[in-house]
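Structure first, then comments.
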Amino acid sequence: MGDPLIDRRERAHLLFDFDYRNEIFVTRAKRKWGYYVLPFLLGDRLVGRVDLKTDRAAGRLLVLSAHLEKGAESVGAAHALAEELRALADWLALEDVSVERAGNLAKALAGALERTHSRTE
């Protein structure tokens, strides 16, 4: 059994005005968000979506793309997402989180991750 928010797309649209589509079976050229994009819930709003992948050989959680939802505040969303991604990387026993520059949240997220990384050193 999956997550009802993700499995029942009409529910995500009604509750959050969030159009979700898993693009695993969509050709690369036609993907809008990424191969395995996941929504990011902050408080009571879906504020972003990220396409994640693990690179276990390099010990990294890869953020292939990061997108901010319309009306969401980028700095707050990036900071909260950075903290969650660090926690996910720790849980997966990965040493680092790396952000590629795809998506309108990628730059702010990379900066937030850099700031959280420098605080822990």
Side-chain angles (χ1 to χ4, degrees):
M1 178 172 196
D3 183 335
L5 179 64
I6 303 306
D7 291 344
R8 299 187 66 208
R9 295 184 305 202
E10 69 280 355
R11 184 176 184 183
H13 184 71
L14 287 171
L15 292 174
F16 300 102
D17 194 25
F18 186 83
D19 290 317
Y20 178 77
R21 180 176 182 194
N22 188 323
E23 297 181 326
I24 292 173
F25 300 110
V26 176
T27 61
R28 180 179 292 230
K30 292 184 178 182
R31 288 182 197 139
K32 183 175 181 180
W33 307 111
Y35 179 80
Y36 197 72
V37 68
L38 299 168
F40 179 58
L41 179 68
L42 179 59
D44 63 353
R45 291 195 57 213
L46 290 171
V47 297
R49 47 184 99 207
V50 289
D51 185 19
L52 304 176
K53 181 178 181 177
T54 58
D55 180 351
R56 293 209 179 268
R60 294 184 305 159
L61 177 63
L62 306 175
V63 180
L64 302 178
S65 67
H67 303 272
L68 185 70
E69 291 300 300
K70 190 184 317 180
E73 193 269 317
S74 66
V75 174
H79 178 72
L81 181 55
E83 289 180 1
E84 293 299 325
L85 292 172
R86 288 252 181 247
L88 177 60
D90 288 346
W91 184 72
L92 293 170
L94 300 170
E95 297 174 18
D96 198 14
V97 180
S98 174
V99 180
E100 295 188 9
R101 296 291 178 180
N104 63 351
L105 186 57
K107 184 176 180 179
L109 179 58
L113 281 163
E114 183 64 34
R115 285 187 294 281
T116 62
H117 186 66
S118 63
R119 282 196 323 237
T120 60
E121 292 183 326

To the closest 0.5 Å, what do you measure between [atom1] ([X]) and [atom2] ([Y])?
{"X": "R49", "Y": "L68", "atom1": "CZ", "atom2": "CG", "value": "10.5 Å"}
{"X": "E83", "Y": "L113", "atom1": "CD", "atom2": "CG", "value": "10.0 Å"}
{"X": "D51", "Y": "L38", "atom1": "CG", "atom2": "CG", "value": "8.0 Å"}
{"X": "L88", "Y": "L94", "atom1": "CG", "atom2": "CG", "value": "7.5 Å"}

Exercise. V47 pairs by side-chain contact (heavy atoms from CB on, under 4.5 Å) with which of L81, L42, L105?
Worked result: L42
Exercise. What residue among E69, H67, E84 forms side-chain contact (heavy atoms from CB on, under 4.5 Å) with F40?
Worked result: E84
Exercise. Are R60 and D96 close enough for a salt bridge, meaning some N to O gap below 4.0 Å?
Worked result: no
I need the minimum non-hydrogen distance between [X] and [Y], along with the two atoms involved.
{"X": "A108", "Y": "R115", "answer": "O-NH2, 4.4 Å"}
{"X": "A110", "Y": "R101", "answer": "CB-NH1, 3.8 Å"}
{"X": "A78", "Y": "L109", "answer": "O-CD1, 3.6 Å"}
{"X": "I24", "Y": "R31", "answer": "O-NH2, 4.1 Å"}
{"X": "L41", "Y": "D44", "answer": "CD1-C, 4.1 Å"}

For this session: State whether the side chain of E73 and the backbone N or O of G76 hold a donor-acceptor pair below 3.5 Å, judged by distance alone.
Result: yes
Exercise. Heavy-atom distance under 4.5 Å between the side chains of L52 and Y36, does that happen here?
Worked result: no
For this session: Show your reasoning for whether side chain to side chain contact (heavy atoms under 4.5 Å, CB included) applies to L85 and V99.
Result: CA-CA 11 Å; L85 292 172; V99 180; 5.8 Å; no
